[in-house]
Each structure stands twice: as C-alpha cells, then as structure tokens.
Amino acid sequence: MRLLANMVSHNELIAMWERKTGRTFQIERVPEADLLKLINEAAFPLNILLSLSLSVLVRGDVPSQPRH
C-alpha cells in the first residue's frame with residue numbers, strides 16, 4: 001500500500017541520499033535512444049530491468065494514485 005504522503009520524486013530521493021551520506025552523486029543522463037539500443041542488445045534478464053527503467057523513469061508509466 002502506498003500512501004500519497006509517502007511519495008517522492010526520483011530527484012528528491014537522490015537529494016535525500018546526498019544529505020544522508022554527505023556526498024554529491026554524479027548524475028549521468030542517458031538519452032532515450034541510447035537506452036532503447038541497450039535494451040535491444042542486452043540479454044535476459046537485464047533487458048527486462050532496462051525496459052522497466054525506461055517505462056517508469058523516462059516515460060513516467062506508473063499507475064495513478066487515488067485522491068482522497
């Protein structure tokens with residue numbers, strides 16, 4: 001069960017980890033076309049993990065949360 005108050009963006013999550021560890025993480029941006037190429041070339045099960053990353057992190061395909 002996911003509560004609305006318990007949701008953070010990917011960038012917010014990174015910022016929390018940076019504050020907690022006292023380090024600044026190097027962020028590397030991967031273009032969608034490059035990720036698609038990696039998915040096509042990767043073997044199972046890595047291709048599944050990369051596909052999920054593309055779907056959720058790049059395209060934002062997540063189920064809507066109900067509004068109360």
Side-chain angles (χ1 to χ4, degrees):
M1 181 159 75
R2 292 189 295 176
L3 303 174
L4 291 177
N6 201 24
M7 293 179 61
V8 296
S9 72
H10 192 243
N11 289 336
E12 290 169 328
L13 183 61
I14 291 171
M16 285 190 274
W17 272 106
E18 287 178 335
R19 284 192 300 275
K20 184 170 183 72
T21 62
R23 298 182 337 188
T24 300
F25 298 128
Q26 179 181 348
I27 297 174
E28 187 171 329
R29 308 230 185 260
V30 179
E32 184 176 353
D34 291 350
L35 188 51
L36 286 169
K37 183 179 177 191
L38 285 172
I39 291 168
N40 287 328
E41 295 173 352
F44 180 83
L46 180 59
N47 62 347
I48 301 298
L49 296 173
L50 292 172
S51 297
L52 290 171
S53 297
L54 172 70
S55 177
V56 173
L57 300 176
V58 176
R59 295 184 178 157
D61 296 335
V62 293
S64 297
Q65 293 295 317
R67 304 273 179 201
H68 293 93

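Keep in mind that what you see is a predicted model, and the values were worked out from it rather than measured.
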*Asks:* Measure the CD1-CD1 distance between Ile39 and Ile48 for me, rounded to the nearest 0.5 Å.
*Replies:*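 Here the interatomic distance stands at 9.5 Å.
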*Asks:* Would you check if the side chain of Glu32 reaches a backbone N or O of Val58 as a donor-acceptor pair within less than 3.5 Å?
*Replies:* no
*Asks:* Measure the OG-CG distance between Ser55 and Leu50 for me, rounded to the nearest 0.5 Å.
*Replies:* 12.5 Å
*Asks:* What closest approach, in Å, do Leu36 and Arg59 show between heavy atoms, and which atom pair accounts for it?
*Replies:*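 Closest approach of Leu36 to Arg59: CD2-NH2, 4.2 Å.
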*Asks:* Give a yes or no on whether Leu46 and Leu38 share a hydrophobic cluster (residues Ile, Leu, Val, Met, Phe, Trp, Tyr; joining criterion: side-chain heavy atoms under 4.5 Å apart).
*Replies:*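 In one cluster with Leu46: Leu38, yes.
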*Asks:* List the atom of Ala42, the atom of Asn47, and the distance in Å for their closest heavy-atom pair.
*Replies:*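 Minimum heavy-atom separation between Ala42 and Asn47: O-CB, 3.7 Å.
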*Asks:* Without swapping roles, check the side chain of Ser53 against the backbone of Leu49 for a donor-acceptor pair under 3.5 Å.
*Replies:* yes
*Asks:* What distance separates Glu18 CD from Asn11 CG, expressed to the nearest 0.5 Å?
*Replies:*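 Interatomic distance, Glu18 CD to Asn11 CG, rounded to 0.5 Å: 9.5 Å.
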*Asks:* Say whether Leu52 and Phe44 are linked into one hydrophobic cluster, either directly or through other cluster members, by side-chain heavy-atom distances under 4.5 angstrom.
*Replies:* yes
*Asks:* Hey, what do you get for CE (Met16) to CD (Glu12), rounding to the nearest 0.5 Å?
*Replies:* 6.5 Å
